Amino acid sequence: MTNAPVKTRFAPSPSGLLHLGNLRTALFNALLARSADGKLLLRIEDTDVERSDDRFVEALQADLQWLGLAWQEGPGVEAHSGPYRQSQRDAIYQSLFQRLLGEGHAYHCFCTDEELKRARERQRAAGKPPRYAGTCAGIPAKEAQARVDDGAAATLRFRVPAGRTVVFDDLVRGEQRFASDDLGDFVIRRADGSASFLFCNAVDDSAMQVSHVLRGEDHLTNTPRQCLVLDTIGLPRPRWGHLPMILGEDGAPLSKRNGSRSVQELRESGIVPAALLNYLARLGHSDADNSLRDLPGLAATFRLEQIGRAPARFDHGQLLHWQELALRALEPAALQQWMAAAAGDLLPQEQQAAFAELVAPNVHLHADVRRWANACFAAELDHSEVATTTFREAGSAFFAAAADAADQDWAALTALVQQASGARGKGLFLPLRLALTGEPHGPELAPLHAMMGPERARARFDQAAGLALAEH
Ligand code: GLU
C-alpha cells in the first residue's frame with residue numbers, strides 16, 4: 001500500500017434493509033481502513049428516487065451503529081467532502097453533465113425503452129452482446145438541444161471512445177483489461193434528469209478522495225465505464241477491489257430464499273454484534289487466528305491478499321459457532337440483558353441472574369432462551385408423546401414421591417424417589433428431568449430445581465403423575 005492516506009467507503013443504496021452481503025462489504029471496508037489507520041466514509045446513494053426510502057437510510061445507519069461500524073465521514077460526521085447523500089449533490093453532477101455535453105463527451109439520446117429493448121433482442125438473436133447501437137450518437141448537438149428545448153424526453157449518454165483498452169489493477173483480482181469497443185455508450189443522466197448510479201458513484205468516490213473501494217463482484221463490469229468517466233473529466237480514480245459473491249448453502253447466490261437474513265432479522269433472532277462481525281470477517285477472507293476479536297483485533301489481521309477469489313459460502317452453523325463464542329465472552333450483566341430481551345416477559349425478575357447462568361450453555365438464539373424460560377417457568381408444560389410414555393413407564397407413584405419431596409434439596413429428593421420407586425441412573429433422572437422441563441437434555445438438575453422452587457417443582461411432578469395415569 002502507498003503512503004497516501006487510506007480512505008475507504010461504504011455506499012449503500014437505501015432501497016432495502018442491510019443484508020449479509022452488503023454488510024460484509026461494509027465490514028471489509030471498515031477493516032481495510034482501520035488496518036491502515038485510515039478512514040471509512042459512508043455515502044447514501046439515493047439518486048434513484050423511486051427505489052430510495054428514508055426509512056432505509058435510517059435503518060442502515062442504525063444497523064451499522066449497532067454493530068459498532070463507525071464512519072469517520074458521512075451523515076452526522078460532516079467534513080469538507082460532504083454532503084453525503086447523493087440527492088443533495090445534484091448541482092455537482094449537473095455542472096459536469098454540461099461540461100461533458102459541451103465537450104462532446106456526452107450526447108442526448110431519444111431512444112424509447114421499447115426501441116432499446118427491441119434493439120437488444122435483435123443483437124441477442126444475432127449472437128452479439130447487447131449494447132447501445134449508437135442510434136443517437138450522430139445527431140448534431142444543436143438539433144438535439146432544440147428537441148430537448150421542445151420538451152422531448154432524453155437521457156444523456158457518455159460517448160465511449162473507440163479502440164481503447166481500459167486497464168485497472170483490481171485489489172483482489174489483479175490486472176483487469178476491457179476493450180472500450182465492447183462497452184457501448186451508457187446512460188449517465190436518466191430521462192428524469194437524475195444522475196445514474198454509474199456516474200455519481202464514480203464522481204463521488206473521486207470528489208470525496210476515496211482511495212480504496214471494496215465492493216461486490218457484480219460491479220466489476222461497471223468499473224471500466226467508471227474509469228472512462230473519471231479519466232475524461234480529469235478526476236483521479238480510486239482503487240477498486242471486487243469481492244467474490246456470497247453463495248447460499250445450496251450453492252446459489254445468497255438470497256432470501258436460501259438463508260440471507262437482514263441485519264434486523266438477525267438482531268431480532270438474538271445474534272450479537274461480535275458474532276456477526278467475527279463470522280463475516282472470515283467469509284471470503286482467510287484468517288489464521290480463530291479467536292473471537294473486536295474490530296481493532298480483526299483489523300490487525302485483515303489483508304487484501306487474504307481475500308479469496310472464489311465465491312464464499314454462507315454457513316449458518318459457522319455463524320452459530322461465533323455466536324456461541326460471543327455469548328461466552330459476555331459479562332454476566334450483559335448476558336442477563338440479552339436473555340431478558342428474549343424472554344423478559346417469562347422470567348421472574350429475581351430469577352433472571354440464576355436463569356442466565358444456568359441455561360447459557362444451552363442457548364444460541366432468542367428462541368432457545370424462550371424455550372428454556374418456558375420450560376423453567378411456565379405454569380404447565382405441553383409434554384411430548386415421548387415424555388408421556390416415559391412418565392407412564394416410571395409410574396405415578398414415582399412422581400408422587402417426587403412431589404412429596406419437592407421442598408427438599410436435590411440430593412435428598414432423588415434419594416427419596418429412588419427409595420420409593422427402586423429407579424436409578426437414567427431410569428431415575430430422565431423422568432425427573434422430563435417432568436421438570438419437558439426436555440430430555442438441558443442444564444444441571446440440582447441448580448435448576450433450586451431455581452424453580454418447591455411449588456413449581458411440585459406442580460410439575462403432579463402434572464407428570466397425572467399423565468402417568470391418563471388413558472392412552
Ligand atoms: N450503491 C451501490 C450499491 O449499493 C454501491 C456500489 C459500490 O459499492 O460501488 O450496490
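Quick note: residue numbers are just sequence positions, from 1. Computed from a prediction, not measured in an experiment: that's the story for all the values here. Both counts, for ligands and for their atoms, begin at 1 and track the order of listing.
- Atom numbering of ligand 1 starts at 1 in the shown order; those under 4.0 Å from a heavy atom of His219 are 3 (C), 6 (C), 10 (O).
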Salt bridge (charged side-chain N to carboxylate O under 4.0 Å, His left out), that's the test. Do Asp54 and Arg85 meet it? Break it down for me.
CA-CA 11 Å; Asp54 274 357; Arg85 284 183 72 148; 2.7 Å; yes
Go through the steps to decide whether Phe199 and Phe186 satisfy the test ring-ring contact (aromatic ring centres under 6.0 Å, His included), and finish with yes or no.
CA-CA 10 Å; Phe199 185 81; Phe186 51 90; 8.9 Å; no
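- A distance-only check finds no donor-acceptor pair linking the side chain of Gln323 to the backbone of Gln318 [under 3.5 Å].
- Nearest non-hydrogen protein atom to atom 5 (C) of ligand 1 is Ala11 O, 3.2 Å.
- By the 30° and 60° cut-offs, the orientation of the rings of Phe355 relative to Phe377 is tilted.
- Between Arg131 and Asp185 there is no salt bridge, since no side-chain N of the basic residue sits under 4.0 Å from a carboxylate O of the acidic one.
- Heavy-atom contacts of Arg9 reach the following atoms of ligand 1: 7 (C), 8 (O), 9 (O) (cutoff under 4.0 Å).
- Under a 4.0 angstrom heavy-atom cut-off, Phe197 registers as being in contact with ligand 1.
- Interface atoms of ligand 1 facing Glu45, defined by a heavy-atom separation under 4.0 Å, are 1 (N), 2 (C), 5 (C).
- For Phe197 and His219, the gap between ring centers is short of 6.0 Å.
- One option in Ser13, Pro14, Gly21 has a heavy atom closer to atom 4 (O) of ligand 1 than any other, and that option is Ser13.
- Using a 4.0 Å cut-off between heavy atoms, Asn201 contacts ligand 1 through its side chain alone, with no backbone atom that close.
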